[in-house]
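What follows is a set of notes on a single structure, which appears directly below.
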Amino acid sequence: MASKQKYTRLESEIERHRSEANWAKAVETAQLLATKNQGLALFVNLILGESKLEEYLLENEPIECNITKAKTQLGEGETYLQFVTQQDNKHYVEASLLQAKIHYCKGLYQSAIDVYNRVKLDEIKESQVTSSRLLCILAESHAIKGLCLEKIGPSTTSKFKQVDLEDRIIECFEKAGDLALSYLQDVDNSATDIELGVILETAIQQSPLLHMKRGDISKGVARLRDLLRTIESRFTQGLRLTLARQLAEVLLRGINEKKYVPMGIEEIAKTKHQKYRKYSGEKLFVPENENEESLLLLLIAEAIATREALTECHGVYDLLAIALVKRAQFNKLSDSFERAMRFSFEEFHIWHQFANSLLCARKYNRALLVLKECLRLQPNNCVVLLQVAKLCYEYLYQYDTGIELMEKAVEENTDHSLTARMYVALGVGYSLKALEMKLQAERQTLQKKALEAFVRAHTLDPNDYLALFHLALQLAIHRQINDAMKYVRLALRYHSDHIHSLHLMVLLLSAQKQYEEAICLMRAALDEYPNNLSLMLTKSKLEEIVHGPNQALDTCKHMLKLWKDLYETDTTDSTTESRSRNLTATDRSVFDKKSFAQLQLTELNDRDTGSMKAESVAASRMERTLSEVASSYNSNFQPRPGSQQTLQIQAQIWLHLAELYLSVNKLSEAEGCVTETSVIFPLSYHVAYIKGRLNEHKQKYEEARVCYENALSINPGHRKSLQHLGMVLHTLGNDRMAEKVLRDAVNIDPIAHQSWFNLGLVLESLGHAEPASDCHLKALELEATSPIVPFTVIPRLLH
């Protein structure tokens, strides 16, 4: 009796070792059992054959390139199993299923099918299975049968036979998947980590894909949903991540709103009758559309990847980027990538995607740090180099950083396909830095370097529209109008709808005093870009000259209406994410228009000033600080809520409208515009300037002087304030101070003809006839090539 109990205990030990895939221990215990009872030889041979097979598979996948190796290394294992299958016994079926697995590894697909037919695999029920190990073998057998049927293919070209074969393969894979999930739930409490294996993972993943390959997307989606509702075990994490990614990809790329079938409650209820356990219950969340479902799946996959620190999850984060970008959820996307950093050390792709998400979320300082990490991983990645340059120039105003990076990049990447673009970036850096130089000699040196860089870029890539555009813009700033016209025409030949080239062409025509041609081209540009407020502002300036101020006023009023249509909701909700939480197709179109218009802020900001970019940025920061101080001391003074960029656009339109009203002597209307702007940005230097214009128009020169000085205290480089302050001081009889102020204006923007003309008037009043004459001549020379608005309103962008 004691001896029988000992045998039973040893058999239980063997089963435990088998279920834990501890083959060495299983063999050791089986051999010990054989010494105790010679009648257990069949069981021992089964264990020996199984261990040889599974130990081989731990080192070698069952794929075609390993067939030769399988034939030489699995012979001993097959001999052990043949010993068991040569006689009828209780281990016959189990040994036969393992033997069929060896046939599959050897590439003997029909032999494996013959074995399954002999043991009547399809008739074996899960209720007949006596151990978790046998359940795993049964699941693998159905998977292998499906794989063998795939390898053998149809016996005829009949379409009916082909469909029948596909049905049989899908049935095998689905049975395998169901049994595999039951097996994993059974062994969830095991102390040892269990791997599902490539055979079963392939079967589980292939069944929904085969449905979709046949064109039955709904069945494929239903199968994936069914698998994902399986109650989680610690062995299904990687599989769940893969399935969630697959379904999300199908929903994002293969299903539109019309074809999407929501998951109904009745579909959830019927899954309770499946063999393996599934999540069920009342008040379950059911996604209403493909976007909700795909986002939910990707967030689940991301949670698994983060929790388990799974490194093979690039696809999940790429799809998550697609899903969240569609909804403009950039902050959430950057948060997801930040969580991924804990297991993405040295993973360039994840770091780069993290940087892109930070850029979209407007977290520019952090984006620069992450991009520098990308450059550490790939120092010569030209795309990242250009991204860093763009970030430094357009958002952080760190011109020296961008220039140093590009100087090094063009030295080390002389023959790269993007070298021309890097020269463009270098030229843009020089040109932007020139704007903030206070000494004219330093400005000229940098402008010359910029021109040389753009010429080099054009030489390297003669068909690059961007190099041509920047070359033309640089020449225009130097007032080489004819040469600039030649290059901008070439730029438009290669990129006919490049908005900044079109805008530059309009300004060049206006510099040649071809106003009718300029306004015709402007109308064509607005047909292409009907929501571009920068083009509209230039159009109103042209209309003021060609058709008179009334038509220009109409354009300005249209701009205010357009702003209201595109931006009014932004003033109550300033976050990009909350504005786009539930975008319809129409809303998305409007959102895209808004996004495009916001790119033109630099054009709006510098429209009435030739000031240095750095001083304009510093002025904006000072305005913000003054607003914060004022609101802390006065509870009635509160900044207007909403997106600052959006409000800035509105303020620029009101200010331009005020100047138009002044030009037709409508003071009350102009005052109304100033009042509207004051509500938006009460401490803006633009507002102080336009108040000065109003007082000057009313001949209240002392009040005007105070207003202009207030504007200059915030932005010392504001050219128009300097021009008007100089003339107000001249009117007040303070010519010495007027001369100093106007010389400052000339130094800040030496090609502004109005500054030279005003300085000439003041010098003439001081009795300096010859210098005054020189100033007037200079003013006439510059006015002959002066555009309707400064060329500097066109932004120096890397796109």
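A donor-acceptor distance shorter than 3.5 angstrom exists from the side chain of R443 to the backbone of M437, with no hydrogens or angles considered. For T419 (side chain) and H416 (main-chain N/O), a donor-acceptor pair under 3.5 Å exists by modelled atom type. Put simply, the side chain of T731 gets close to the backbone of M727: a donor and an acceptor are under 3.5 Å apart. Side-chain atoms of E404 never come within 3.5 Å of backbone atoms of Y399 as a donor-acceptor pair (strictly under, hydrogens ignored). Side-chain atoms of R479 come within 3.5 Å of backbone atoms of L782 as a donor-acceptor pair (strictly under, hydrogens ignored). A donor-acceptor contact shorter than 3.5 Å is absent between the side chain of S496 and the backbone of L492. When atom types are taken as modelled, the side chain of N532 and the backbone of L535 share a donor-acceptor pair closer than 3.5 angstrom. With hydrogens and angles disregarded, no donor-acceptor distance shorter than 3.5 Å links the side chain of S431 to the backbone of V428. Side chain of Y393 to main chain of A425: a donor-acceptor pair is present (N/O by atom type, distance under 3.5 Å, no hydrogens or angles). Proximity of a side-chain donor or acceptor of S765 to a complementary backbone N or O of L761 within less than 3.5 Å is not detected.
Classification of the H718-Y685 ring pair by plane angle, with boundaries at 30° and 60°, yields perpendicular.
With no hydrogens or angles considered, no side-chain donor-acceptor pair links Y397 and E436 at under 3.5 Å.
Between Y430 and L446, the shortest heavy-atom distance links the atoms CB-O, 3.6 Å. In plain terms, the two heavy atoms of L466 and H799 that are nearest each other are CD1-O, 3.6 Å. Residues F681 and A651 approach most closely at CD1-CB, 3.8 Å, considering heavy atoms. S501 and A491 get closest at one heavy-atom pair: OG-CB, 3.9 Å. In terms of heavy-atom proximity, A518 sits nearest to S510 at CB-N, 4.2 Å. Smallest separation of non-hydrogen atoms from W563 and I649: CD1-CG2, 3.7 Å.
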### Task
Go through the steps to decide whether H697 and N665 satisfy the test side chain to side chain donor-acceptor pair (under 3.5 Å), and finish with yes or no.
CA-CA 9 Å; H697 201 84; N665 205 31; 2.8 Å; yes
### Message
Evaluate E739 against R743 for salt bridge (Lys or Arg N to Asp or Glu O under 4.0 Å), listing each step before the verdict.
### Response
CA-CA 6 Å; E739 180 189 1; R743 286 193 183 279; 3.0 Å; yes
### Query
Could you walk me through whether R705 and E702 pass the salt bridge (Lys or Arg N to Asp or Glu O under 4.0 Å) check?
CA-CA 5 Å; R705 179 186 65 80; E702 193 58 40; 2.3 Å; yes
### Task
Just do the ring pair (Phe, Tyr, Trp, His ring centres under 6.0 Å) check on H495 and F469 with the steps written out, would you?
CA-CA 10 Å; H495 191 346; F469 159 72; over 10 Å; no
### Message
Checking H656 against S540 for the side chain to side chain donor-acceptor pair (under 3.5 Å) test, could you report, in this order, the C-alpha distance in whole Å, the side-chain angles of both residues, the deciding distance, and whether it holds?
### Response
CA-CA 9 Å; H656 182 59; S540 71; 2.6 Å; yes
### Task
Take D774 and K778, measure what salt bridge (Lys or Arg N to Asp or Glu O under 4.0 Å) needs, and give me the verdict at the end.
CA-CA 6 Å; D774 290 341; K778 183 69 173 178; over 6 Å; no
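To the nearest 0.5 angstrom, L426 atom CG is 5.5 Å from E407 atom CD. In this structure, CG in L560 is found 11.0 Å from CE in M536, a value given to the nearest 0.5 Å. We find the CG-CZ distance between N463 and R493 to be 10.0 Å, quoted to the nearest 0.5 Å. Rounded to the nearest 0.5 Å, atoms CG (D744) and OG (S721) are 12.5 Å apart.
Under the salt bridge (charged side-chain N to carboxylate O under 4.0 Å, His left out) rule, E671 has a single partner from K698, K691, R693, which is K698.
With a 6.0 Å radius and a threshold of 12 heavy atoms from other residues, nucleotides or ligands, R736 has its CZ atom at or below the threshold. Around NZ of K513, the count of heavy atoms belonging to other residues, nucleotides or ligands within 6.0 Å exceeds 12.
With ring centers used as reference points, Y395 lies under 6.0 Å from Y364.
Under the salt bridge (Lys or Arg N to Asp or Glu O under 4.0 Å) criterion, the residue pairs touching residues 445-464 are R421-D464, with sequence neighbours excluded. Here ring pair (Phe, Tyr, Trp, His ring centres under 6.0 Å) pairs that include residues 734-767, with residues two or more places apart or in two chains, are F757-H776.
Salt-bridge check for D527 with R523: failed, with every basic side-chain N at 4.0 Å or more from each acidic carboxylate O. The pair E543-K539 meets the salt-bridge criterion, with a side-chain N (NZ, NE, NH1 or NH2) lying under 4.0 Å from an Asp/Glu carboxylate O.
Side-chain contact between V506 and E517 is absent, with no heavy atoms from C-beta onward closer than 4.5 Å. Looking only at side-chain heavy atoms (C-beta outward), L475 and F454 stay at 4.5 Å or farther from each other.
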